[in-house]
Protein chains: 2
Amino acid sequence: MYFLPLLYFDHNATTPVAPEVADALDGSVRQVWGNASSIHSAGQIARQQLEQARRTIASFLRAKATELVFTSGGTESNNIAILGLVRGFTAARKHIVTTTIEHPAVLEPCRQLEREGVEVSYVGAGRNGVVAVEAIRAAIRSETVLVSVMHANNETGVLQPVAAIGRLVRELREAGQTIYFHSDGVQAFGKVPVDLNADAIDLYSTSAHKIYAPKGVGALFVAKSVPLRGIQFGGRHERERRAGTENVPGAVAFARAVELCASYPASFIAGLRDRFEKQVGDALPDVQINGRSSPRLPNTSSVTFHGASGEGIVIALDLLGMAVSSGSACSSGSTEPSHVLLAMGLRREEARSSVRFSFGRYNTEPDVDALADSVIKTARRLRKSSAKEAHVVTG
Amino acid sequence: MYFLPLLYFDHNATTPVAPEVADALDGSVRQVWGNASSIHSAGQIARQQLEQARRTIASFLRAKATELVFTSGGTESNNIAILGLVRGFTAARKHIVTTTIEHPAVLEPCRQLEREGVEVSYVGAGRNGVVAVEAIRAAIRSETVLVSVMHANNETGVLQPVAAIGRLVRELREAGQTIYFHSDGVQAFGKVPVDLNADAIDLYSTSAHKIYAPKGVGALFVAKSVPLRGIQFGGRHERERRAGTENVPGAVAFARAVELCASYPASFIAGLRDRFEKQVGDALPDVQINGRSSPRLPNTSSVTFHGASGEGIVIALDLLGMAVSSGSACSSGSTEPSHVLLAMGLRREEARSSVRFSFGRYNTEPDVDALADSVIKTARRLRKSSAKEAHVVTG
């Protein structure tokens, strides 16, 4: 196999594994391979490492270790939260409020529940990419058992008002309604601070591979009071909320990645993003940066290049050794434009001419300058050829 | 952390990660961290490694690569097979036939389906540990959609007549019944040959960490004709049968472990087990080796030490640096005696005085001799003290 030089700006799809994390994984895989459910010493050493990892991650979330369930990743975390909670209620008490800008890992379990007879209300977002708290409030009914709103959108990076929604749901619960608040934190976790208690978030999904840890591991925070059933059944692992032999080295690597997050200030990455947006905006004044006026993740830039195909830009940049994406990796191969940008009110052609740039800790200013330069040249070239095509067609 | 010398004889709970596998995992984690669903080169390199791993494992099962779904492990494989298949049928066509000696990762999804209104028939095993094909045949009804019988039992190692059951189910299907055969292959895979096509197995569950690969990855074979829905929903990964970012390094490590299985002949491990059983049987002629008369996995020995507590033996051996178990790791902490041994007709005291020894590729003859010596001494000591206690109580 050959390795080509690669400038990577698709950190919302996945991140490279940090060398410190790869070392932690490798050490654990070679030395702490016991089954954490075994009663002998080999098992108990694994159990200790697992519980240490659980404490590290829980403390980063300002949560209790007993409230953290290890999973196989973000998709499973979201599925346990949504399916595991809602299936436990009787038919009469089943209504969910979520949004049209959620990730498929939230939307698809909701659609599955619709097939099972649950009603789901999908609240839209404004042109600024933000879901309004008032719209959530208006959608909640007396039979609503779950509100699920993501912490940060994966395509635009726009932060959602989870603290206000959390307070709203908590007030309803204090007034007697059995209702819980889930937030998909997969993109926000490790990039912006979160305080689950203060924000009154009852369920919070995370994934390791978005924060420089390996794939195949994630966690779901479940507040003590939440009556959660699992979605896969077997041994009594994870306090009977997630059956399956514990992936101890995965949890150890995840915890190491969480520890490292503190060493990489958000301001550094926000600086790279701002530098990129300024260069592109100066050269191509008509581009539109989606969600720019809203609070955003420090690392994400969603840019609409009117008159140039987003997929064309992705492919052209790839040939130049630069990785970016035209939407979520989980929707790649789909011919549909981004459901997130459409939900924000972009027209289909606008959504189709959009590209997501997501920066990371190993990016440098020269990398970003090279990216901006290539993006500007590529967009200009594609615009020219699409104008020519339009001329041929109409002329 | 300190590492103590450990003699490990609990390979059915989990295995150490083979150095070759740890190397493959480490290489992939550091270099092939792209999201296999990304369209850029970083994603496509990951996709290539994933599909190569899929081909390696499928070919070992004599299956097509398109029939293999990667999962987070054995429990998830069993849950997808059982829940994912049976939930797709209408209420009138829901009956399952399984056995009382299955692993909790099969029994618990079946119990979940019972809560959802599905009927389940549990067929027992004989004193020899074998489930009779005729008993399975007798339990099947016209509304049966699934027969699930494990390939090898995790506690006794006894092989089940899966080829005969597969033929039976295939005959029924050819006669017009919509019925499928699932086998939990978690303990058998890599230890005894399997030919899914010849044995007419429609769904087959495997787990990586039982064959010297890391935890957190497994696979489910699903024959092309099986109408399987997933149990977790999101992106369109794994041909829409298992949503979630693909754990590429996990799959690569699993495939490397599968390749290595061929280098370790079953006869070597069977030789260690026979050596152990002979020494223990010669010194303690009244011990009973469960399933001894039946075809068994080469590595597993389930021994009932009448008059000595199984858990006492496990703990005493642990203090001597030897890891064995009194049952499945997934049931550890439970005060109940083994459901498998009870199903075979052992009395509760017999089940409680049983220990599982499961040998592995890094065990040596001197290791096994040391184990046998310690087992014999420990059993004698515990028998004496339990006899004394009985004397105190009755005297």
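Lettering follows sequence order; numbering is per chain, from 1.
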- Here the pair of heavy atoms bringing V120(A) nearest to C110(A) is CG2-O, 3.8 Å
- What part of V217(B) gets closer than 4.5 Å to chain A, counting heavy atoms only: side chain, backbone, both or neither? neither
- Checking heavy atoms, do the side chain of E246(A), its backbone, both or neither come under 4.5 Å from chain B? backbone
- Highest number of heavy-atom pairs under 4.5 Å with chain B: which of P249(A), G218(A), G34(A), A18(A)? G34(A)
- Item | Salt bridge present between E240(A) and R229(A) (N-O < 4.0 angstrom) | no
- Task: Quick one: which of V17(B), V248(B), L319(B), I315(B) has the most heavy-atom pairs under 4.5 Å with chain A, could you say?
- Result: V17(B)
- Query: Does a side chain donor of either D184(A) or S205(A) reach within less than 3.5 Å of an acceptor in the other side chain?
  - Reply: no
- Query: Closest approach of A243(B) and G234(B), non-hydrogen atoms and distance?
  - Reply: CB-N, 3.2 Å
- Query: In terms of heavy-atom pairs under 4.5 Å, which option from A36(B), A253(B), S207(B), A22(B) contacts chain A the most?
  - Reply: A22(B)
- Heavy-atom proximity to chain B below 4.5 Å, by part of R87(A): side chain
- Message: Please identify, among L317(A), I231(A), V314(A), the residue contributing the most non-hydrogen atom pairs under 4.5 Å to chain B.
- Response: I231(A)
- Task: Determine the minimum heavy-atom distance between Y8(A) and A13(A), stating which atoms define it.
- Result: OH-CB, 4.3 Å
- Note on the structure: Interface check, chain A: of V21(B), I82(B), T71(B), D23(B), most non-hydrogen pairs under 4.5 Å belong to D23(B)
- Note on the structure: If one checks every heavy atom of L107(A) against chain B at 4.5 Å, the contacting part turns out to be neither
- Message: Please classify the contact between T15(A) and chain B as side chain, backbone, both or neither, with a heavy-atom cut-off of under 4.5 Å.
- Response: backbone
- Task: Using the ring of F233(A) (Phe, Tyr or Trp, six-membered ring only), decide whether R111(B) places NZ or CZ under 6.0 Å from its centre and within 45 degrees of its axis.
- Result: no
- Could you tell me which non-hydrogen atom of D318(B) sits nearest to which non-hydrogen atom of S41(A), and how far apart they are? OD1-OG, 2.8 Å
- When the ring planes of H11(B) and Y212(B) are compared, do they come out parallel, tilted or perpendicular, using 30° and 60° as the limits? tilted
- Would you please test Q187(B) and K210(B) for side chain to side chain contact (heavy atoms under 4.5 Å, CB included) and show each step? CA-CA 7 Å; Q187(B) 285 299 342; K210(B) 307 287 191 193; 3.7 Å; yes
- Applying a strict 4.5 Å limit to non-hydrogen atoms, the region of V29(A) in contact with chain B is both
- Please state whether the side chain, the backbone, both or neither of N78(A) comes within less than 4.5 Å of a heavy atom of chain B. neither
- Message: If you apply the rule side chain to side chain contact (heavy atoms under 4.5 Å, CB included), what do you find for R115(A) with Q112(A), and how did you get there?
- Response: CA-CA 5 Å; R115(A) 289 189 285 271; Q112(A) 172 61 22; 2.7 Å; yes
- Message: Need one label for Q232(A): side chain, backbone, both or neither, based on atoms under 4.5 Å from any heavy atom in chain B.
- Response: both
- Query: Contact part of V106(A) toward chain B, heavy-atom cut-off under 4.5 Å: side chain, backbone, both or neither?
  - Reply: neither
- Message: Between N247(A) and chain B, with a heavy-atom cut-off of 4.5 Å, which part of the residue counts as in contact: side chain, backbone, both or neither?
- Response: both
